[in-house]
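What follows is a set of notes on a single structure, which appears directly below.
It should be emphasised that the depicted structure is a prediction, and the values quoted were computed from it without experimental measurement. Here is how names work: the chains are called A, B, and so on, in the same order as the sequence lines, proteins then strands, and each is numbered from 1.
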Amino acid sequence: MSSRKLVSTTYCRQIPQAIMNSLYWTQSNPTHLSQPFLAKPPSVLATNIIKSYFERGQVDEARMLFDEMPDRDVVAWTVMISGNTSCNFYRRAWIIFCEMLRDYTDVEPNEYTFSSALKACKSMKSQFCGSLVHGLVLKYGMHGSMYVENALLDLYATCCETMEEACLLFQEINAKNAVSWTTLIAGYTHHGDAYGALRAFRQMLLEAAELNPFSISIAVKACASIGSNILGKQVHAAVVKHGFESNIPVMNSMLDLYCRSNRLTEADQCFQEMAEKDSITWNTLIAGYEKSHPNESLNIYSRMELEGFSPNTFTFTTILAAVGNLAVLTSGEQVHAEIIRRGLQGNLEVGNAQIDMYAKCGNIMSSRKVFDEMYSKDLVSWTSMMIGYGSHGGGKEAVELFDEMVKSGIVPDQIVFMAVLNACSHAGLVDEGLKYFKTMVDEYKLSPEQETYGCVVDLLGRSGRIEEAYELIQRMPFSPDESIWGAFLGACKTHKHQVLGKLAGSKVLEMRQDIATYVTLSNFYAADGKWGEFARTRRLMRRLGNKKETGRSWLELQNQIYCFVAGDKLGSHIEWVYQVLGMLIHHIKDVGYVPDLDCSVHDLEAGT
DNA sequence: TTAGGGTTAG
C-alpha cells in the first residue's frame with residue numbers, strides 16, 4: 001500500500017489526530033510547505049492508526065486497515081493482539097496470535113508479542129493456552145524478560161486453582177520489581193486469601209521493594225476483605241506517609257475499607273477529603289450505604305448525577321439492591337426506566353439485580369419478565385428467580401425452573417439448592433424438597449453445609465415432621481449451630497412441640513442470648529404450667545435489658561413512606577395507617593387467617 | 001520512529 005492511499009483512505013479521516021502525530025510540514029524547504037511529508041514509514045503510520053482505532057474501541061476498522069497493510073511487521077501483529085485484548089476481544093487476540101505463528105513464519109514473535117499474548121490468555125482465563133505460550137517463551141528464549149515473567153506470573157496467579165504455580169514462578173524471578181510483587185498480592189486476593197495477600201505485602205516491605213499506588217491499593221483491598229481496623233489504620237498511615245492521598249484508586253480502596261467495616265462516618269470524611277473523584281468513588285460510597293441506610297444510598301445516587309458523574313452498571317446493581325431493601329416498587333420502576341434510557345438493560349448483573357429487586361418489591365411477574373427477556377443468564381439469574389419464587393410461595397415454579405436450568409446445561413451449586421429447598425419449604429413440598437437434597441448429595445457430590453441442613457430442618461419442621469427434623473440434626477456430621485436450632489425452635493413453636501421446643505430454646509440461648517428466644521422458651525414453660533421455670537426464664541431475659549430492635553413496618557402512600565411500630569399513636573398520618581391495616585386484616589381474615597395469640601398472652605413484658 | 005506487565009466499585 002502506498003502512503004498516498006493510506007492517507008486518503010476513509011478510515012483515516014476519522015482520526016486526524018493520529019495522522020497529525022505522524023506527519024509534519026517541512027519547515028526548512030519552502031517549496032514543500034503545502035505538501036504533507038511522511039516522517040515515518042507507511043507501516044509505522046498504519047500501526048499508529050490501528051492503535052488509535054483500538055483506543056476508540058473500533059475493532060473492525062482496525063482489522064480492516066491491518067488487512068490492507070502489505071508489510072505487517074511484528075509490531076503491527078502485536079498491536080493487533082494487545083488492541084483486541086484491551087477491547088475485551090480476548091479470543092480474537094488469541095486467534096490473531098495463532099494466525100501469525102501458523103501463516104506468517106517470517107514474522108518472529110518477540111517479548112512484546114509474548115506478553116501481549118499472555119495477557120489475552122489470562123483474560124480468557126485459559127491456563128491451557130497460557131501454558132502453550134509459556135512453552136513458546138522457553139523455546140524462543142524470552143523467559144529472561146521482566147515483562148514476560150510478570151505476565152506469566154499474572155497468568156498462573158489468575159488462572160490456576162491455587163497459588164502454588166504462581167509462587168514457584170515468583171521465586172524463580174531474579175529481579176522482582178513492584179509489578180511482580182503487586183501481581184503476587186493480587187493473585188492472593190483473587191483467590192480470596194486476604195491473609196496470604198497481607199503476608200506477601202509484609203514480605204514486600206521487608207525486602208524494601210518499591211511501594212507504589214498499585215501495591216498499596218491491593219493491600220488495602222485485602223484489609224477490607226478481612227475487615228481489619230488495625231491493619232487498615234496501619235495501611236492508611238502508609239498511604240499518608242508515601243503521599244498517595246491524591247491517588248484515586250488508592251483512596252477508592254481506603255473508602256471501600258471504611259464502608260465494608262461499616263465505619264460510615266470515616267467513609268464520609270474520606271469521601272469529602274478526596275480532591276478528585278471518579279465513578280468508582282461514588283459507587284463505593286453508594287454501596288457502603290446500601291444495606292444499612294438504603295435511603296441514603298439513593299440520595300448519594302442523586303448527588304452523583306447532579307455533580308456530573310454518569311451512573312454505570314455497577315451503580316445500578318447497587319441502587320436496585322437499595323430499592324429492594326426499601327421494597328418501594330415505584331422507585332424500582334423509575335430505576336428500571338433509567339437503565340433502559342441509558343441502554344444498560346442488556347447487562348447480566350443489572351438483569352440479575354432487577355429480578356431480585358422486583359421480587360423484593362412484591363412484583364414477581366416483573367421479575368419473571370426480566371428473567372425471560374435476558375440475552376444471557378448465569379447461575380445467579382436462575383438462583384435469584386428461584387429465591388423470588390420461594391419468597392412468594394411459588395414452590396412449584398421454583399422446582400420447574402430448577403429442572404429447566406439443569407436441562408439448559410447449568411451445573412447447580414449449593415446456593416441454588418438452598419433456594420429450591422427454601423421454596424419447597426414455604427410451599428409445603430416436603431418430599432419434593434427431600435428429593436432435591438438427596439440429588440445434591442448423591443448426584444452432584446456437594447457436602448451440605450450448616451445453612452443447607454438448616455433449610456432441610458426447616459423443610460421438615462415447618463410441615464410438622466418434628467421428629468424427623470430432630471433425627472436429621474442428630475445425624476449431622478458437625479455440631480449444629482445457632483441457625484439450625486433456631487429453625488428447629490421455630491418449627492416446635494408452630495407445632496407446639498413442648499419437649500423438643502424447650503431443648504431447642506435452651507440450645508439457641510447457649511449460643512445467642514436474645515429476647516425473642518427467651519420469650520418463646522418461657523411461653524413453652526407457661527403452656528406446660530411450669531410457672532417456676534417461666535419466671536426464671538423471664539428473670540434471665542430481663543437481665544439482657546430491652547435490647548431487641550423494634551420491629552418496624554411501613555406503608556407507601558402518595559409517594560411518601562410512613563414508618564411505624566406496634567401501638568404507634570404518633571404522626572399526623574397514623575389514622576391512614578390504621579385504616580389500611582384494618583383493610584389488610586379484613587382481607588386476610590377473608591382468606592382464612594386466624595391470628596396467633598399464643599405468644600401475646602404471655603408476652604406483655606417483652607414490649608413486642 | 002509504531003507494540004508489552006500490576007490497583008479500586010456489583
Rounded distance in Å - CD1 (A:I173) to C1' (B:dG5):
10 Å
Taking the minimum atom-to-atom distance to the side chain of A:A178, which one of B:dA9, B:dA3, B:dG6 wins?
B:dG6
Can you see if the side chain of A:K221 gets near the phosphate of B:dT8 - specifically, an N or O under 4.0 Å from OP1 or OP2?
yes
If the threshold is 4.0 Å, N to carboxylate O, is there a salt bridge linking A:E305 and A:R342?
yes
Starting at atom CG of A:L257, determine the distance to atom P of B:dT8, rounded to an integer number of angstrom.
14 Å
Please classify the nucleic acid contact of A:N347 as base, sugar-phosphate, or nothing, using heavy-atom distances under 4.0 Å.
base
A:T317 side chain: which of B:dT2, B:dG6, B:dG10 is closest?
B:dG10
Nucleotide nearest A:T183 (side chain, heavy atoms from C-beta), chosen from B:dG6, B:dT2, B:dA3
B:dG6
Among B:dG5, B:dT8, B:dG10, which nucleotide has an atom closest to any side-chain atom of A:Y147?
B:dG5
Counting heavy atoms from C-beta on, name the nucleotide in B:dT2, B:dT8, B:dG5 closest to the side chain of A:M146.
B:dG5
Electrostatic pair A:R263:A:D268 at N-O distance under 4.0 angstrom
no
Measure from the side-chain heavy atoms of A:F314 and tell me the nearest of B:dA9, B:dT1, B:dT8.
B:dA9
Looking only at B:dT7, B:dG5, B:dT2, the nucleotide nearest the A:N150 side chain is B:dG5
Round to the nearest Å and state the distance from A:I319 atom CD1 to B:dA9 atom C1'.
13 Å
Any donor-acceptor N/O pair under 3.5 Å between B:dT8 base and A:N252 side chain:
yes
Any idea which of B:dA9, B:dG4, B:dT2 is nearest the A:R260 side chain?
B:dA9
Side chain of A:T284 (C-beta onward), nearest among B:dG4, B:dT1, B:dA9:
B:dA9
When you measure only distances, ignoring hydrogens and angles, does the side chain of A:S145 come within 3.5 Å of the base of B:dG4 through a donor and an acceptor?
yes
Could a donor-acceptor pair under 3.5 angstrom be found where the side chain of A:N177 meets the base of B:dG5?
yes
Just checking, is any N or O donor in the side chain of A:S180 or A:N150 under 3.5 Å from an acceptor N or O on the other one?
yes
Using side chain to side chain contact (heavy atoms under 4.5 Å, CB included) as the criterion, point out the one residue from A:I410, A:V411, A:N352 that pairs with A:L379.
A:I410
Gap between atoms CD1 and P, on A:I248 and B:dT7 respectively (whole Å):
17 Å
Using modelled atom types only, decide if a donor and an acceptor are shared between the side chain of A:S302 and the backbone of A:L298 within a distance under 3.5 Å.
yes
Between atom CH2 in A:W282 and atom P in B:dG10, what is the gap in whole Å?
17 Å
Just how far, in rounded Å, is C1' of B:dT2 from CD of A:E55?
12 Å
Could you state the atom-to-atom distance from CD of A:E149 to C1' of B:dG5 in whole Å?
11 Å
Answer with base, sugar-phosphate or nothing: what part of the nucleic acid does A:T315 contact at a heavy-atom distance below 4.0 Å?
nothing
Hey, does the side-chain of A:N212 have a donor or acceptor N/O within less than 3.5 Å of a partner on the base of B:dG6?
yes
Decide yes or no for A:L255 and A:M251: does some side-chain heavy atom of the first lie under 4.5 Å from some side-chain heavy atom of the second?
no
Between atom CE in A:M163 and atom C1' in B:dG6, what is the gap in whole Å?
13 Å
Nearest to the side chain of A:D154 - B:dA9, B:dG5, B:dA3?
B:dG5
Verify the contact: side-chain N or O of A:K119 to OP1 or OP2 of B:dG6, cut-off strictly under 4.0 Å; return yes or no.
yes
